[in-house]
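Computation of the quantities below employed the complete heavy-atom set of this structure, encompassing side-chain atoms and omitting hydrogens, waters and symmetry-equivalent molecules. Because the structure is a prediction, the values reported are computed rather than measured.
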Amino acid sequence: MFRAERAATASARPTAPPRWHREHEDPARVVATGALAAAASFVALWPFTSVIDPGAWSFTVVIVVVVVAGTGMLMRHLLRRRPPWLGDVLTFAVQLVVAVAVVTQLVAGDTAFLGIFPTSTTLTLFGALGAAAWEQVVFGTAPLDPSPGLAAAMGSGFAVIAILLDHLVAHRSAVIAALLTGVVGAIPMIVTLGEPHVVWFVMLGVLVLILFRFTARRHPLSPSRSSTSIAVTVGAAALAATVVIAPALPVAANLAGTGVGVTVDASLRLGDDLRQPNPVEVLTVAAKGEIAPYLRLTTLSRFDGRVWQPDRGDLQSQDEGFGDPEWSPDVATEEQTTSIRILRMSSSWLPVPYPATSVQGLTGSWRVSVDNRTLVSRSADAAGNDYTVGSTRVTPTLEQIRALDAAQPVIDPDAEPVELPEIIAALADEVTAEAGTDYDRLVALQTWFRSEFIYSLETPVEEGFDGTGAEAVAQFLDERSGYCVHFAGAFALMAESLGMQTRIVVGYLPGALTDEKRGEESVFSVSSDQLHSWPEVLFPGVGWVPFEPTASLGVPTAFRAGTVEGGGTGGPSAPAPTTAPQAEESSGPEIERGDAADDAGAGGELRRLDPLPVVLTAVGAIVLLLLPALIRRIERVLRLRRAARGDAAAVWAELRDTLIDLQLPVSDADTPRMRAADLIRDSAVDPEAMSRLTDAVERANYARTGAEPIDLAAPLGVVLGRLRRSVDRPTQVRALLLPRSLFATRSTAGAVAA
């Protein structure tokens, strides 16, 4: 034995040598198990508080999680002397019954027997609440109102999650419990495409480390002692790498390849989407001509002072059509056909030109929203659809549109009145003071925005008004710099202050013309950075008329003067040339040709997958997996160098650690000759090589210093190679990738059994 090991040997002689592992499974700690499962449930719950306003739902979830965890603690304590399988089954059953009773009491207690036992009325109510919650999630915008439907859905969902986490922790399934917690907690960030919740990620990392330590210590093969300092250091390093290094990696937005790359909801929170550094192609459009139509997803006409809410009108099947025309027979129209193919966009709405009149190529799950002539589904997703839409281009003459008054705003008697900042109405009156008709007032507003404001994606963030509320609009009017959301919101509120019915459209700008053809139709590529919003005003007899107030984007809406041929009044009016400054006739905003040249996809190659994020991610994962093996390899190389210089201590340390890695028996109580004899007998190591190592250790321990050093690297390599060949291949792989000697201190490495 080497001198450095004598102290451990002397202390170990009076008693049996300590074991590296426990040889038995520690009993489950009832309170710790329930508390840790409840903590995991709360960590999974936390991100939902940023997308749903606090209310009855949060109280319901907290009570359900606490009750489920408490029930698990009580049942495991009462059934601790029963067979494990029976205790698990009874605990699960009781937790399920208690969770149902608690959710029933908190959500629909007045319909249940004794307030906790569901009846047929309770089930019917829960069905209605579930449908309402689903509609609120699909059509609403974050943060959602804390409705009874969300209380029922969240309470029921987290009851299931809490029960699953409780049993996963109890059965030492730390990896699955951590994955479940992370997946559930990440849902709000994934659905809303919000910023990563750094604090939550740190909390999740801490929870995962605690889960692993709690469950691993109960395993019969876990170390009887471990280094807390090493565990804390490794955990802190992992958290730091996740929080600091990972966000800095240049992960491209087109990393999704051909899968869904963009998720679009009904909100006007488009700033983060527009600021993405690497736009991707989301859809293609096939249409006749050199300009594709604007495509709308949905409309928003309800404003509560803080956010614009999407319209929720009646839905009907595609066979029933898109409703009656809003335009009168004396207004000129032109029928158009547009083919749309969705590539990388996920949404409950399908993009369509306006006003749509027919559609082909869709399943029956897509329904028609008659009020805004859009297509929506509560179960299907837009990604992967390929369909053709028939639409009507409505082109009134300048005289016709000027002769009409815009519709008056619709006032909801049940809604609370919205108080707007005075600057909105004051500027609207000032800008339109010289206009004589409603249409001229709207054109004056449009011209004012396009000439006096600057398009910018960064100014709203820097100035702190990156939103759609009334105060954000007031600040935008003061700063005079923002993007399409601010232009559309300000235009709509100013037009409404002038007594006009308005709404905002969320959709896509016309795409960039490509060289591809589909028959006689040109193909346009629409990218994610062309997500857009614009305002519309209702003119009875014409319909909803779009305007383009966004500076430097598109061509302003304008109608040409016209003459009525033949003196009749029953036929449509034909547009005639005009000396107005507008260059072309337009019933809606059209993209400027000059901007198309700057677009990443205009007339050039389609974007390719950036390989850098894939390579960095793969290399990072490989390095992380091979890190223990790399550390152990460096340690072995350094010891072999010392062994080449005759360092017997390095030889004996490497031999001991190799035995630990290969799960071969090793005891600090063995003398060098005893250990050598065991290895020659049990592992068939080379006797001559082993003898050279043993003699060197004995000389280092007992001989006088000053002897000529002997190269011990060669015999050590022979012995180590034979030891590795003495075990099976899986053990060799485990020893290579996860060497146990890195995690076992000298005091805990007393013995290892294969």
Side-chain angles (χ1 to χ4, degrees), residues 293-294 296 299 301 311 322-335 353-357 370-373 391-411 425 428-429 431-450 488 491-505 534-549 555-582 584-590:
Y294 271 51
R296 69 184 52 218
T299 59
S301 58
D311 296 327
F322 285 76
D324 298 329
E326 297 96 351
W327 52 93
S328 59
D330 61 340
V331 176
T333 59
E334 178 185 351
E335 300 301 320
Y354 182 81
T357 56
V370 181
D371 291 345
N372 55 12
R373 292 178 177 268
S391 60
T392 301
R393 187 185 183 201
V394 183
T395 55
T397 63
L398 182 61
E399 293 83 1
Q400 287 176 321
I401 195 73
R402 279 178 170 170
L404 299 173
D405 292 330
Q408 294 292 316
V410 177
I411 300 177
D429 292 336
V431 173
T432 62
E434 298 181 1
T437 67
D438 283 349
Y439 174 75
D440 290 335
R441 294 186 183 94
L442 294 170
V443 170
L445 281 177
Q446 179 179 252
T447 303
W448 179 69
F449 276 112
R450 296 181 65 85
F491 185 101
L493 292 181
M494 293 175 75
E496 188 170 305
S497 72
L498 296 174
M500 305 181 194
Q501 184 175 345
T502 64
R503 68 184 183 186
I504 295 178
V505 183
W534 61 91
E536 290 183 332
V537 179
L538 179 61
F539 282 85
V542 174
W544 288 94
V545 178
F547 290 85
E548 181 59 282
V555 175
T557 296
F559 296 102
R560 296 180 179 179
T563 59
V564 180
E565 296 180 355
T569 59
S573 300
T578 178
T579 58
Q582 285 76 11
E584 55 181 304
E585 173 190 353
S586 172
S587 63
E590 295 180 351

Could you pull out the closest heavy-atom pair between [X] and [Y], with the gap in Å?
X      : Y      : result
Val431 : Ala444 : CG1-O, 3.7 Å
Tyr439 : Ala558 : OH-CA, 3.4 Å
Arg373 : Ala356 : NH1-O, 2.8 Å

Using the test side chain to side chain contact (heavy atoms under 4.5 Å, CB included), find all partners of [X] that sit at least two apart in sequence or belong to another chain.
X      : value
Ala406 : Asp438, Met500, Val537, Phe539
Gln408 : none
Ala425 : Ser497
Ser391 : Gln336, Pro353

Practice item. Name all residues meeting the ring pair (Phe, Tyr, Trp, His ring centres under 6.0 Å) criterion together with Phe449; count only those two or more places apart in sequence or in a different chain, and write none if there are none. Key: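 For Phe449, the residues satisfying ring pair (Phe, Tyr, Trp, His ring centres under 6.0 Å) (neighbours in sequence not counted) are Phe453.
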Practice item. Quick one: list whatever passes ring pair (Phe, Tyr, Trp, His ring centres under 6.0 Å) with Phe491, sequence neighbours left out. Key: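 Testing Phe491 for ring pair (Phe, Tyr, Trp, His ring centres under 6.0 Å), a comparison that skips the adjacent residues, returns Phe547.
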Review point. Heavy-atom count around Glu335 CD within 6.0 Å, excluding the residue itself: above 12?
Key: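 Result for CD/Glu335: enclosed.
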[X]: side chain to side chain donor-acceptor pair (under 3.5 Å) partners, not counting sequence neighbours:
X      : value
Glu496 : none
Thr502 : none
Thr432 : none
Glu334 : none

Starting at [atom1] of [X], measure out to [atom2] of [Y] and round the result to the nearest 0.5 Å.
X      : Y      : atom1 : atom2 : value
Gln400 : Thr395 : CD    : OG1   : 8.5 Å
Thr299 : Asp371 : OG1   : CG    : 8.0 Å
Glu536 : Leu442 : CD    : CG    : 12.0 Å
Ser301 : Leu538 : OG    : CG    : 10.5 Å
Leu498 : Arg441 : CG    : CZ    : 7.0 Å
Thr392 : Tyr354 : OG1   : OH    : 10.5 Å

Exercise for review: May I ask you to decide if Pro355's main-chain N or O and Arg296's side chain share a donor-acceptor pair within less than 3.5 Å?
Suggested key: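 Such a contact is absent between Arg296 side chain and Pro355 backbone.
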Check your understanding: So, the side chain of Gln446 versus the backbone of Glu548: is there a donor-acceptor pair under 3.5 Å, distance only?
Key ->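 Yes, because the side chain of Gln446 sits within donor-acceptor range (under 3.5 Å) of the backbone of Glu548.
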Practice item. Measure the shortest side-chain to side-chain distance between Val394 and Glu326 over non-hydrogen atoms and say whether it is less than 4.5 angstrom. Key: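 Side chain of Val394 against side chain of Glu326, heavy atoms only: no contact under 4.5 Å found.
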Exercise for review: Could you note down all residue pairs passing salt bridge (charged side-chain N to carboxylate O under 4.0 Å, His left out) where residues 401-411 supplies at least one of them, sequence neighbours left out?
Suggested key: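 Pairs touching residues 401-411 that pass the test: Arg402-Asp440.
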